[in-house]
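Heads up, the thing below is written out as structure tokens.
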Amino acid sequence: MTWEDLDAHLDKVPGTVSAYVGRLGAAPTWTRQADATHYAASTMKAAVLVALHRAAEAGRLDLDEPVPVRNAFDSALPGAPRFANARHYDNDDAVWARVGGEAPLRWLAERMIVRSSNLATNICIGHVGLPAQAEAWTLAGARHSVTGRGIEDFAARDAGIDNLVTAADLAALLGGLALGADRPGPLASPAGCAAMLDVLFAQEHREDLAAGLPDGTRIAHKNGWVRGIRHGAGVVFPDDAPPYAVVVCTTTDLADGGPSGEEIEDDACRLIAHVSARVWAARHDLAG
């Protein structure tokens with residue numbers, strides 16, 4: 001199957017399917033509506049991770065210091081009441097078990113990625129601040145992505161304050177981390193980038209991009225889903241080819257999202273896995 005064949009296949013999907021594929025530090029091999037904005041869902045948590053580690057390296061945060069685990073957050077909309085997360089809409093009971101106690105920011109950041117905990121995410125945002133998310137996107141070279149609010153900040157959402165991503169921007173962010181682990185870059189020190197990659201390697205939700213790869217293939221990735229949305233963004237590290245970025249963002253009816261937004265394997269997952277498998281088959285022929 002050629003890239004043109006893959007485009008033709010995706011043309012039949014109702015809605016918007018965006019993609020970015022390319023080796024790190026090189027021009028992309030294949031893109032499809034890579035600058036189209038999508039609701040971010042949980043992919044924005046990768047930018048929160050970067051913001052946290054940057055703040056720690058600058059001495060503004062200690063990731064190993066315990067912080068209160070509270071389910072109450074300031075809205076991004078000035079004057080709006082504080083908001084809270086719904087437990088049934090989260091994916092990590094381990095964080096909820098600590099409500100009323102304390103936990104290190106480093107642990108919360110890990111749960112934010114590996115289990116996609118909304119509660120952990122909002123606690124992390126509360127400590128690092130939304131401007132730090134904007135800085136992370138900017139330093140990665142992102143052009144259209146925005147982290148404007150916390151998760152379930154419905155007052156801000158209804159006022160038009162939202163979280164948006166593009167396939168190209170997610171590739172820039174995750175690709176920047178992978179490149180930064182080998183040489184100094186704008187996102188963090190090599191050690192900091194390597195630490196963030198280790199968290200992304202530990203991702204436990206593997207129903208989309210990872211499902212299209214052979215068992216045991218290393219992929220540092222973050223996905224996100226709500227009804228009508230399913231995204232997968234990652235960097236794949238084959239044993240027999242250079243690493244490459246692969247991002248697929250879908251805003252389609254294929255993404256069921258579950259009645260409460262819980263993770264399920266749906267047609268959108270299978271579509272992303274199909275693209276991932278196609279890219280894997282072409283890994284030796286990617287431009288670079």
Side-chain angles (χ1 to χ4, degrees), residues 39-140 142 145-165 173 177 187-188 192 195-196 199-200 202-203 222-224 226 261:
Y39 174 62
S42 290
T43 57
M44 47 77 74
K45 295 170 183 176
V48 181
L49 182 69
V50 173
L52 283 169
H53 278 261
R54 285 184 54 76
E57 289 192 348
R60 297 191 300 270
L61 286 178
D62 180 354
L63 297 185
D64 295 310
E65 180 181 353
V67 300
V69 179
R70 303 285 188 270
N71 185 22
F73 308 101
D74 292 331
S75 174
L77 179 65
R82 303 193 86 195
F83 70 97
N85 289 127
R87 184 167 186 168
H88 73 273
Y89 200 66
D90 209 331
N91 301 285
D92 192 2
D93 288 337
V95 178
W96 287 87
R98 298 205 184 190
V99 170
E102 294 182 329
L105 276 172
R106 189 183 306 279
W107 182 80
L108 290 165
E110 290 171 355
R111 303 309 293 182
M112 170 181 72
I113 298 298
V114 303
R115 289 302 305 165
S116 206
S117 169
N118 294 337
L119 180 58
T121 301
N122 284 341
I123 295 170
C124 289
I125 289 174
H127 283 274
V128 75
L130 287 170
Q133 326 300 309
E135 183 180 35
W137 286 118
T138 298
L139 290 171
S145 295
V146 176
T147 305
R149 60 173 175 82
I151 298 173
E152 298 174 68
D153 183 355
F154 299 127
R157 180 199 64 185
D158 294 345
I161 302 171
D162 220 339
N163 299 325
L164 302 173
V165 293
L173 184 72
L177 288 179
L187 293 180
M196 287 185 269
V199 177
L200 292 160
Q203 170 67 255
K222 184 70 191 82
N223 40 26
V226 296

Please check: side-chain N/O of Arg149 versus main-chain N/O of Ala76, any donor-acceptor pairing under 3.5 Å? no
Can you tell whether the side chains of Arg157 and Asp162 come within less than 4.0 Å, N to carboxylate O? no
Among all residues two or more places apart in sequence or in another chain, which pass the side chain to side chain contact (heavy atoms under 4.5 Å, CB included) test with Ala97? none
Is the shortest heavy-atom distance from the side chain of Met196 to the side chain of Leu187 under 4.5 Å? no
Distance-minimising heavy-atom pair for Asp90 and Ser117: OD1-CA, 3.1 Å
Please determine whether side chain to side chain contact (heavy atoms under 4.5 Å, CB included) holds for the pair Leu139 and Arg54, giving the CA-CA distance in whole Å, both sets of side-chain angles, and the decisive distance to 0.1 Å. CA-CA 11 Å; Leu139 290 171; Arg54 285 184 54 76; 3.1 Å; yes
Using side-chain heavy atoms (C-beta onward) and a distance below 4.5 Å, is Val146 in contact with Trp137? no
If the condition is side chain to side chain donor-acceptor pair (under 3.5 Å), which residues does Arg82 pass it with, not counting sequence neighbours? Asp74
Evaluate the side-chain proximity of Phe73 to Ile125: yes if any heavy-atom separation is below 4.5 Å, no if none is. no
Anything under 3.5 Å between a donor and an acceptor, one on a side chain of residues 39-50, the other on a protein residue two or more places apart or in another chain? List them.
| unit_1 | atom_1 | unit_2 | atom_2 | d |
| --- | --- | --- | --- | --- |
| Ser42 | OG | Lys45 | NZ | 2.9 |
| Ser42 | OG | Ser116 | OG | 3.2 |
| Thr43 | OG1 | Ala40 | O | 2.6 |
| Lys45 | NZ | Ser116 | O | 2.7 |
| Lys45 | NZ | Ser116 | OG | 3.0 |
| Lys45 | NZ | Asn118 | OD1 | 2.9 |

Gly192 and His53 have their tightest heavy-atom pair at O-ND1, 4.2 Å
Which pairs pass ring-ring contact (aromatic ring centres under 6.0 Å, His included) with one or both residues in residues 94-132, sequence neighbours excluded? none
Can you see which heavy atom on Cys124 is nearest to which on Ala109, and at what distance? SG-N, 3.9 Å
Between the main-chain N or O of Ala188 and the side-chain N or O of Glu57, is there a donor-acceptor pair closer than 3.5 Å? no
I'd like to check Asp92 versus Met112 (side-chain heavy atoms, cut-off strictly below 4.5 Å). Are they in contact? no
Give the table of side-chain donor-acceptor pairs shorter than 3.5 Å for residues 61-72, with sequence neighbours excluded, one pair per line with atom names and distance.
| unit_1 | atom_1 | unit_2 | atom_2 | d |
| --- | --- | --- | --- | --- |
| Asp62 | OD1 | Asp64 | N | 3.0 |
| Asp64 | OD1 | Arg106 | NE | 2.8 |
| Asp64 | OD2 | Arg106 | NH2 | 3.1 |
| Arg70 | NH1 | Gly101 | O | 3.3 |
| Asn71 | OD1 | Asn85 | N | 2.8 |
| Asn71 | ND2 | Asn85 | O | 3.0 |

Excluding sequence neighbours, so at least two apart, what forms side chain to side chain donor-acceptor pair (under 3.5 Å) with Asp158? none
Using 0.5 Å steps for rounding, measure from the CD1 atom of Ile151 to the CZ atom of Phe83. 8.5 Å
CD1 of Ile113 to CG of Leu108, rounded to nearest 0.5 Å, is 12.0 Å
Nearest heavy-atom contact between Gly148 and Leu130 is O-CD1, 3.4 Å
Ignoring hydrogens and angles, tell me if any N or O in the side chain of Gln203 forms a donor-acceptor pair with the backbone of Val199 under 3.5 Å. no
